[in-house]
Protein chains: 2
Amino acid sequence: MESKAKYYFQIATTSGVPIYRQIIDQVKILIATKKLPKGEFLPSVRQIATELEINPMTASKAYSLLEKEGVLEFVRGQGMKVRESDLPGESLEQKENEIIPILNEVVTKSKQLSLRPNKVIEMLTSLLKEKGNE
Amino acid sequence: MESKAKYYFQIATTSGVPIYRQIIDQVKILIATKKLPKGEFLPSVRQIATELEINPMTASKAYSLLEKEGVLEFVRGQGMKVRESDLPGESLEQKENEIIPILNEVVTKSKQLSLRPNKVIEMLTSLLKEKGNE
DNA sequence: ACCTGTGTATTAGAAGTATAATACACTAAT
DNA sequence: ATTAGTGTATTATACTTCTAATACACAGGT
């Protein structure tokens with residue numbers, strides 16, 4: 001038995017953002033920044049529930065949505081782990097279609113703010129590098 | 001009396017996206033693509049309500065939120081028009097802070113999809129050019 | 001003054017969302 | 001078979017959000 005649990009999640013009950021969504025976001029960030037490697041198991045819903053003093057179902061909701069998204073994988077009797085492989089059926093084109101709506105938001109917002117396109121590109125480039133190196 | 005009204009808005013009642021939000025998004029796009037020039041008046045809330053078979057209050061909600069955002073301007077007795085000037089008090093730094101959360105979404109999503117950063121940059125560049133030229 | 005045109009404050013009700021209590025199905029190890 | 005560990009289906013409830021009905025204030029033209 002290795003001492004697994006450490007820090008994990010931190011929720012802000014005042015922020016108005018639903019608890020299950022905060023968990024989802026934090027899992028995604030932990031994975032994107034490689035703090036949670038592929039194949040690693042996440043804390044159980046009851047562990048989270050105790051830590052955060054919430055109901056296990058709330059944690060379960062976060063997990064099952066992440067599973068539906070293809071981020072996590074459920075192993076019977078053991079729990080949720082970070083999915084090993086990328087989704088198999090996902091072509092490059094499908095991936096692009098998933099990200100285009102968000103990019104369009106960026107475009108509309110930057111027009112609205114009259115931000116120079118080059119400035120926006122520059123900012124995104126910088127953010128992409130940051131997150132990649134952590 | 002010029003024949004003002006034409007097409008304007010199109011709502012999808014099945015999409016789950018609230019009507020007032022669909023109106024907001026479409027107004028922003030119409031402005032970003034210069035189909036609605038600065039100073040132009042928008043259709044009245046009752047016009048929209050009749051066209052879309054909704055309640056005037058729903059259109060009003062869209063308009064007043066757009067006004068609060070600084071996109072539209074209210075003229076007593078005449079209606080809503082596209083704001084002439086950019087918001088005066090907005091510094092570059094404030095503008096950047098508004099767009100960073102959206103850019104972070106892009107970063108997280110692209111990590112999740114394992115999209116190459118260059119590919120993402122390329123897509124955004126292309127979208128920014130498209131919308132700028134229309 | 002009147003009528004018709006703006007947008008909206010208020011109120012109400014329907015619909016949806018977030019959280020939780022409980023009970024269940026399943027796995028692994030004893 | 002039992003025990004202790006996974007996640008979850010179901011149900012209930014509080015809460016928020018969305019839409020609408022009504023009535024109002026103001027502007028402009030007659």
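Throughout, protein chains are lettered first and strands after them, A, B, ... in sequence-line order, and every chain is numbered starting at 1.
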Please write out the pairs of protein N or O atoms and N or O atoms of nucleotides 24-28 of chain C separated by less than 3.5 Å, giving the distance to one decimal.
none

Heavy-atom closest contact (Ser110(B) atom, Val120(B) atom, distance): CB-CG2, 3.7 Å
Minimum heavy-atom distance between Ile100(A) and Met123(B), given as atom pair plus value: CG1-CE, 3.5 Å
Net bend of the helix from dA1(C)-dT30(D) to dT30(C)-dA1(D), end axes of five pairs each, nearest 10 degrees: 10°
Contact list for residues 114-128 of chain A, test salt bridge (Lys or Arg N to Asp or Glu O under 4.0 Å), sequence neighbours left out: Lys119(A)-Glu122(A), Lys119(A)-Glu96(B)
With a 3.5 Å cut-off and sequence neighbours excluded, list the donor-acceptor pairs that the side chains of residues 52-63 of chain A form with protein atoms.
from: Asn55(A); atom 1: OD1; to: Met57(A); atom 2: N; distance (Å): 2.8
from: Tyr63(A); atom 1: OH; to: Pro43(A); atom 2: O; distance (Å): 2.6

DNA chain D: 5'-most and 3'-most nucleotides touching chain B, 4.0 angstrom heavy-atom criterion: dC18(D) to dA27(D)
Derivation of the side-chain contact (heavy atoms from CB on, under 4.5 Å) call for Gln112(A) and Glu98(B): CA-CA 11 Å; Gln112(A) 187 192 335; Glu98(B) 281 194 64; 5.7 Å; no
Annotated protein contacts, base or backbone, on nucleotides 14-21 of chain C with a non-hydrogen cut-off under 4.0 Å, one of B, S, - each: ----SBBB
Touch class at under 4.0 angstrom, heavy-atom based, for Ser44(A) against every strand present: sugar-phosphate
Listed partners of [X] passing side-chain contact (heavy atoms from CB on, under 4.5 Å), at least two apart:
| X | answer |
| --- | --- |
| Thr125(A) | Ile121(A), Lys129(A), Ile121(B) |
| Glu67(A) | Phe74(A), Met80(A) |
| Gln26(A) | Phe9(A), Gln10(A), Gln22(A) |
| Asp25(A) | Arg21(A) |

Heavy-atom donor-acceptor pair, Glu40(A) side chain to Pro37(A) backbone, under 3.5 Å: no
Residues forming a salt bridge (Lys or Arg N to Asp or Glu O under 4.0 Å) with Glu73(B), sequence neighbours excluded: none
Those residues that, when tested against Glu105(B), pass salt bridge (Lys or Arg N to Asp or Glu O under 4.0 Å) (two or more places apart): none
